[in-house]
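What follows is a short report on a single structure.
Basis for what follows: all heavy atoms, side chains included, without hydrogens, waters or symmetry-related copies. Below, chain A is the first sequence line, B the second, and so on; all start at residue 1.
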Amino acid sequence: MLTQAPKGTRDMLPADAHLWQMIEARMREVAALAGYREVRTPVFEHTELFLRGVGGTTDIVQKEMYTFLDKGERSITLKPEGTAGAVRAFIEGRLYADALPCKMYYLNAPIFRYENPQAGRLREHHQFGMECFGGSQPTVEAELISTLFSLLSGLGIKNLSVHINSIGCKECRPKYHAALKDFLGERISEMCPTCRERFERNPLRILDCKEEKCKAIVKDAPSMLDMLCEGCHDHFEGLKTLLSAQDIGYAIDPRIVRGLDYYTRTVFEIIMQTGREGLALCGGGRYDALVEELGGPATPAAGFGIGLERILIELKNAGTEPVAPTITDVYVAAITDDDRTEAYLLTQKLRTAGVKAECDHAGRSLKAQFKFAGKIAPFVAVVGGDERARGTVLLRNMNTREQQEIPLATAPEAIKQLIE
RNA sequence: GUGGGUAUAGUUCAGUGGUGGAGCGCCAGAUUGUGGCUCUGGAUGUCGUGGGUUCGAACCCCACUACCCACCCCA
């Protein structure tokens with residue numbers, strides 16, 4: 001127990017660090033290109049933020065949150081998604097008072113959901129997300145999707161499909177709910193308990209049900225897309241035009257309604273097509289009412305979240321994982337115990353000169369130092385012995401097995417030149 | 001929350017009731033100033049945890065925990 005990470009959590013070990021850092025660097029790059037700057041919000045928030053923001057009827061809020069009372073009797077919840085915190089920060093920081101749109105991204109934010117772990121799903125996972133406040137035009141959603149594409153294709157991840165839908169706004173959605181209830185009528189009693197509950201609280205989600213019986217009943221239900229008000233219709237058409245203009249292929253999927261209540265108009269998902277087929281890599285959409293709902297001024301907004309662990313799965317599937325960089329460039333070996341101080345000093349001088357260098361810390365024999373060096377460094381510098389008398393060090397290329405003597409006095413700079 | 005599978009060395013796994021094993025990895029030696037190949041030797045296990053059956057349990061039974069997979073839902 002003591003030496004076992006909690007269920008559904010995972011360590012990032014040093015051997016994998018370069019993968020995460022490479023992905024994170026790409027994310028910062030694409031976000032910056034689109035004018036998004038980083039935001040960092042707390043790992044925990046007041047529970048109420050998620051109740052109001054994410055929605056009290058959602059699975060996330062009803063059964064997946066890590067909620068506890070702190071010592072001051074406040075109800076605290078570990079972030080179960082990234083948007084609510086960003087919106088809170090936007091309001092609390094009075095960012096709405098500046099020129100809008102205000103664009104921000106969060107990176108490597110830990111997200112907590114109490115779920116049963118399986119492939120691509122953990123209790124703690126990490127997300128990159130972009131949020132744009134104050135943009136009402138469909139160019140915002142197009143920009144988000146486009147940025148995602150450039151991120152993922154830059155990582156060599158292909159075979160993705162974009163699914164988009166519009167779930168209307170507070171004008172047209174109630175009308176659709178009414179139409180859906182009319183359509184279902186008495187047949188709601190034949191549906192699963194979950195759907196019967198959703199019928200009252202959030203009828204749209206009935207379309208999302210995976211029960212065969214429910215799917216059959218819902219098959220010919222009216223579509224939200226046919227009942228969009230003029231504004232929502234035009235917005236959706238606008239997004240489709242923009243995506244097509246950019247040659248981004250997409251599928252319209254009336255069944256995606258998303259599990260978070262705050263969405264309005266556009267919702268979208270990017271789905272894996274290989275490996276973990278059907279698993280969502282990324283989800284997002286527009287949430288024009290959320291800022292106001294949480295106490296800010298009415299501000300249109302849109303954003304997405306994408307799971308880093310799932311990107312790593314796709315990276316492995318695509319076979320485009322970068323090779324790990326060498327741990328060090330030069331391993332400084334000491335011939336005898338008397339040479340260890342000099343080896344240590346040369347190591348430090350190399351580091352000062354900007355060369356990744358390492359020496360023995362385990363009291364190994366020269367032979368063992370070489371063996372170890374062979375695993376972590378392309379070059380070995382040998383200090384001591386005859387070379388000490390001659391005032392030189394021996395530099396060995398571990399790949400070509402070539403060796404040369406270098407004057408000790410100028411060794412750090414000379415080695416720096418030689419290994420480049 | 002539900003269902004299926006799994007748990008033995010650092011790792012991948014074999015071992016079906018009678019003295020715990022192999023490959024790879026790790027450490028050392030052959031090589032007294034040089035890694036990778038070869039050869040030789042070595043270390044490491046409360047056989048997931050706790051009970052039970054038995055003269056005797058890694059093996060059979062029960063419970064628990066974790067991991068993998070799936071449903072639900074989601075990143």
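In this structure, Asn116(A) atom CG and C72(B) atom C1' are separated by 10 Å, rounded to whole Å. Between the CZ atom of Phe370(A) and the C1' atom of U34(B) there is a distance of 4 Å, rounded to whole Å. Distance Glu64(A) CD to C73(B) C1': 6 Å, rounded to the nearest Å. Between Arg123(A) atom CZ and C73(B) atom P the separation is 18 Å, expressed in whole Å. We find that CD1 of Ile376(A) is positioned 16 Å from P of G36(B), with the value rounded to whole Å. Note: NZ (Lys371(A)) to P (U31(B)) measures 16 Å, nearest angstrom. Following rounding to the nearest Å, Asp360(A) (CG) and U34(B) (C1') show an atom-to-atom distance of 14 Å. Between the P atom of A75(B) and the CZ atom of Phe112(A) lies a distance of 16 Å, rounded to the nearest Å.
A7(B) and U12(B) have their P atoms separated by 12 Å, with the value rounded to a whole Å. Rounded to a whole angstrom, the distance from the C1' atom of G18(B) to that of G56(B) is 7 Å. Going from the P atom of C27(B) to that of A43(B) covers 16 Å, rounded to whole Å. Taking atom P in both C24(B) and C37(B), the straight-line distance is 11 Å, to the nearest Å. To the nearest whole angstrom, the two P atoms, one in G29(B) and one in U34(B), are 11 Å apart.
With a 3.5 Å ceiling on both atom-pair distances, U34(B) lacks any Watson-Crick or G-U wobble partner.
A distance of 6.0 Å or more separates the ring centres of Tyr36(A) and Tyr105(A). When ring centroids are compared, Tyr66(A) and Tyr114(A) come within the 6.0 Å threshold.
Of the candidate nucleotides U2(B), G35(B), A75(B), A75(B) has the atom nearest to the side chain of His125(A). Checked against G33(B), A70(B), C67(B), the side chain of Val382(A) finds its nearest nucleotide in G33(B).
Taking only side-chain nitrogens and oxygens, Gln118(A) never comes nearer than 4.0 Å to OP1 or OP2 of C69(B). Residue Arg364(A) places at least one side-chain N or O under 4.0 Å from the OP1 or OP2 atom of C27(B). OP1 or OP2 of C68(B) lies within a sub-4.0 Å distance of a side-chain N or O belonging to Arg10(A). One finds a side-chain N or O of Lys375(A) lying less than 4.0 angstrom from the OP1 or OP2 phosphate oxygen of C26(B).
Of the residues in residues 384-419 of chain A, Gly385(A), Asp386(A), Glu387(A), Leu394(A), Arg396(A), Met398(A), Arg401(A), Gln403(A) come within less than 4.0 Å of RNA chain B through at least one heavy atom, sorted by number.
Listed here is the closest heavy atom pair of Thr264(A) and Arg173(A): CA-NH2, 3.6 Å.
Residue Glu115(A) places a side-chain atom within donor-acceptor reach of the base of A75(B), judged by atom type and a 3.5 Å distance cut-off alone.
When heavy atoms are screened at a 4.0 angstrom cut-off, Glu309(A) is found touching no nucleic acid atom at all.
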